[in-house]
There are 2 protein chains.
Amino acid sequence: MPPPRKHLFICTDTDCAPKRGSKETYGAFLEALKARDLVDEVWVNATNCLDGCGFGPNLVVYPDGVFYYGVRPDDVEEIVESHLVGGRVVERLTTYGE
Amino acid sequence: MPPPRKHLFICTDTDCAPKRGSKETYGAFLEALKARDLVDEVWVNATNCLDGCGFGPNLVVYPDGVFYYGVRPDDVEEIVESHLVGGRVVERLTTYGE
């Protein structure tokens with residue numbers, strides 16, 4: 001089976017991630033992709049620890065290998081439109097740290 | 001932060017995956033990579049459903065975008081040596097189906 005065009009993995013199941021709102025961010029991606037009818041070509045999965053535990057919610061977009069840190073539900077539309085649709089990385093969310 | 005050289009995601013947390021031995025396969029990858037001192041350059045994460053629920057344990061290797069299906073602990077050494085170290089896909093495990 002071919003891979004999806006973009007595949008996003010977001011940390012949700014450690015002790016720290018849910019406390020930092022990762023499940024809300026995960027849900028916001030699912031909703032944003034569903035609203036654009038993109039769920040077949042852009043997949044979103046919940047995963048365990050991706051490092052950077054203190055400044056999540058953290059996620060990675062493949063095949064690009066781009067990590068995003070501290071992604072709040074309010075950031076989701078920008079990542080979807082800029083990166084997942086337009087192919088432009090949202091640089092302001094790629095800093096490893098608070 | 002740069003992405004790992006290879007990043008493997010294996011489905012473990014749905015109703016079906018653990019029953020099919022996904023946690024043992026996940027553990028076998030962790031052990032095989034640790035034994036080779038590869039844990040910094042090859043990451044392994046547990047994820048939720050990757051599709052193909054009836055014929056897991058299923059996993060995907062990025063940035064390659066290669067899906068493997070029905071991966072048992074006995075298959076792990078071959079995937080590590082051939083694909084993750086040698087760069088050669090293990091074609092016999094890429095068939096979507098039983």
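Quick note on labels: first sequence line is chain A, next is B, and so on, each numbered from 1. Since we're looking at a predicted model, the values are computed, not measured.
- Put simply, A:V85 and A:V39 are part of the same group of oily side chains (I, L, V, M, F, W, Y) that touch within less than 4.5 Å, one to the next.
- Interface remark: A:C11 contributes no atoms to any contact with chain B (heavy atom separation under 4.5 Å).
- Contacts with chain A (heavy atom to heavy atom, under 4.5 Å) involve these residues of residues 60-83 of chain B, listed by number: B:V60, B:Y62, B:P63, B:G65, B:F67, B:Y69.
- A donor-acceptor pair under 3.5 Å is absent between the side-chain atoms of B:T47 and the main chain of A:N45, judged by distance alone.
- In this structure, A:F9 and B:N48 have side chains that are not in contact, with every pair of non-hydrogen atoms separated by 4.5 Å or more.
- Linking ILVMFWY side-chain heavy atoms closer than 4.5 Å, directly or via other members, places A:L84 and A:L30 in a single hydrophobic cluster.
- In this structure, CG in A:L50 is found 6.5 Å from CH2 in B:W43, a value given to the nearest 0.5 Å.
- In terms of heavy-atom pairs under 4.5 angstrom with chain A, the leader among B:P3, B:P2, B:A46 is B:A46.
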